[in-house]
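Only heavy atoms go into these numbers, but all of them, side chains included; no hydrogens, no water, no symmetry mates. In this chain, numbering begins with 1 at the start of the sequence shown.
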Amino acid sequence: MFAKVLVANRGEIAVRVLRTLRDLGVPSVAVYSEADRDSRHVALADQAVPIGPAPATKSYLRVDAIVEAARATGATAIHPGYGFLAEKADFAEAVEAAGLVFIGPTPENMRLAGSKLGARQTLQAAGVPVVPGSEEPILDVRTAVRIADTIGYPVMLKASAGGGGRGMRVVPDHDTLLEDFALAQGEARAAFGDPTLYIERLIVGARHIEVQVVGDGAGGAVHLGERNCSVQRRHQKLIEEAPSPALPAEAASRLHEAACRAVSAMRYRNAGTVEFLVDEQHAFYFMEINARIQVEHPVTEAITGIDLIRAQLEVAATGRLPFTQSDVAFHGHAIECRLNAEDPDQGFLPQPGRIERLRLPGGRGVRLDTHLFEGYEVPVFYDSLVGKLIAHARTRAEAVAVMRRALAEFEAAPLGTTAPFLRQVMAEPAFVDGNYTLAFLPSLLPPDEEPDDL
């Protein structure tokens, strides 16, 4: 294991990584912006280094400052968490060039995963089903029209260089494509510095299901089951669960095998996620690979008993998988709700400010990953995620009941959070039955809040 690890992140994921390092007896280093001087991750680390002003561009996105912090403190490896620099190949290369170990995928893995077209072509060659769509970069509307007219409407316009819903547009017909192409291209250019788009047929009535994988970088791969991530607002996940409801065991097995085949084809290293769309007949289509640990990894940890952060560390330290497929066993059902400092009644408006009264849920089957404490000032500079609530029980029905109880207990006054809204969502018949699709959450929101594009 490493002599010392620097965690190049903040918030709940920095706390999460630091706790595993403490469990393993590995000394740790935190980095922090001026806005995070009093944050929990700073207090939990063995050492902490300031890296700049509050804006992420001047702190958490500064490759030079983070690498220098590692050198100055004697860290031998860097864990990027998720977000910020986690999927930046240039960062991973800078870490390795400094003689340090990057705890994550290779730069080549990141570049391939970050190129939606490149990943699509690689996996298609490996026999992994892909959504019918473009096989070439799209830079002009005439090419887009030709391809869309061939594969049939409705289609999705997507940014080739990124994700998270930016540059993504649902196009129901030819005329809308003519109107929306320039808008999607502008969003892609603004978000990722690359206007290249690609087109996929829209899979109506689909579920978003992903498979957690760990690869050794030499073609070896193990899966840790699937997660259903179909409760989304504006293409952002709100609730995830494992295993996926309404997915027969045979279909899940085919999904797992395809994910491992994808990882092997890429010679992928470390933890990652292969994401699929699954239609009403349980046919599945590759969407993308997330080359990092994901926000929703705790539900997989809950049903497998495997610490995924530890697995990341072990793969990075040894170059070998820390377990075989036969070592992975599944127990019960787990659900995760993302807690955001947002007010759903005001269009999910962010709610920064000081927490004066904090009430945290607990009890059997409850896990809460958070960096909050009474007196903490939720900053305006970063993502509004303030915690992840995980419920684990023998059955899905029991896990739903545990989660609803835990959500009712959570309070971070006077800030508004998404907890009451998520509790209402979990009482909806479609969610209780487990038979929901990507169209589920949009159907509960006002028309002006969420267009009916799924």
Side-chain angles (χ1 to χ4, degrees), residues 1-111 113-114 216-217 269-272 291-293 307-320 371 379 381-382:
M1 193 50 70
F2 301 106
K4 186 181 291 185
V5 174
L6 181 143
V7 181
N9 217 295
R10 64 174 302 278
E12 67 84 18
I13 188 58
V15 169
R16 167 72 188 87
V17 176
L18 288 165
R19 283 176 170 155
T20 286
L21 291 171
R22 182 61 57 85
D23 289 345
L24 294 172
V26 177
S28 60
V29 181
V31 292
Y32 63 92
S33 71
E34 290 176 2
D36 280 336
R37 183 176 301 276
D38 298 320
S39 291
R40 175 162 286 179
H41 77 285
V42 174
L44 288 179
D46 296 303
Q47 293 174 263
V49 179
I51 53 171
T57 53
K58 298 181 179 180
S59 52
Y60 296 108
L61 292 173
R62 282 190 57 198
V63 173
D64 59 337
I66 292 171
V67 171
E68 178 54 34
R71 282 174 165 162
T73 56
T76 56
I78 293 180
H79 194 299
Y82 56 72
F84 292 133
L85 295 169
E87 294 179 275
K88 301 295 185 183
D90 291 347
F91 177 53
E93 286 178 338
V95 171
E96 293 176 352
L100 309 172
V101 175
F102 181 78
I103 302 170
T106 66
E108 294 76 19
N109 290 159
M110 291 186 196
R111 289 197 172 94
D216 62 9
R269 184 188 74 188
N270 216 271
R292 54 176 163 79
I293 195 72
D307 182 336
L308 277 165
I309 302 299
R310 178 171 182 158
Q312 285 192 288
L313 292 163
E314 290 176 339
V315 172
T318 69
R320 299 188 300 273
H371 56 291
F381 305 100
Y382 314 115

[atom2] on [Y] to [atom1] on [X], rounded to 0.5 Å:
X: Arg62; Y: Ile51; atom1: CZ; atom2: CD1; result: 7.5 Å
X: Leu18; Y: Asp23; atom1: CG; atom2: CG; result: 11.0 Å
X: Leu313; Y: Asn270; atom1: CG; atom2: CG; result: 8.5 Å
X: Leu85; Y: Glu87; atom1: CG; atom2: CD; result: 11.0 Å
X: Gln47; Y: Leu6; atom1: CD; atom2: CG; result: 9.5 Å
X: Glu108; Y: Met110; atom1: CD; atom2: CE; result: 9.5 Å

Nearest non-hydrogen partners of [X] and [Y], listed with the distance:
X: Ile66; Y: Ser59; answer: CD1-O, 4.4 Å
X: Ala8; Y: Phe91; answer: CB-CZ, 4.3 Å
X: Val31; Y: Tyr60; answer: O-CE2, 3.8 Å
X: His41; Y: Ala14; answer: CB-CB, 3.7 Å
X: Val15; Y: His371; answer: CG2-CB, 4.0 Å
X: Arg292; Y: Tyr82; answer: CD-CB, 4.0 Å

Side chains of Val315 and Arg269 in contact at under 4.5 Å (non-hydrogen atoms) | yes
Considering only heavy atoms from C-beta outward, does the side chain of Met1 approach that of Glu314 to under 4.5 Å?
-> yes
Is there a side-chain contact (heavy atoms from CB on, under 4.5 Å) between Val49 and Thr73 once you walk through the steps?
-> CA-CA 9 Å; Val49 179; Thr73 56; 3.7 Å; yes
Is it true that a side-chain atom of [X] and a backbone atom of [Y] form a donor plus acceptor pair closer than 3.5 Å?
X: Asp216; Y: Gly319; value: no
X: Asp307; Y: Arg310; value: yes
X: Thr106; Y: Asn109; value: yes
X: Ser33; Y: Gly52; value: no
X: Tyr32; Y: Asp38; value: no
X: Arg22; Y: Leu44; value: yes

Check the surroundings of atom NZ in Lys58: do more than 12 heavy atoms from other residues, nucleotides or ligands lie under 6.0 Å from it?
-> no
Electrostatic pair Glu93:Arg111 at N-O distance under 4.0 angstrom = yes
For the pair Arg16 and Glu12, find out whether any cationic side-chain nitrogen is under 4.0 Å from an anionic carboxylate oxygen.
-> no
Of Val29, Thr20, Val26, Ile78, the residue whose pairing with Val5 passes side-chain contact (heavy atoms from CB on, under 4.5 Å) | Val26
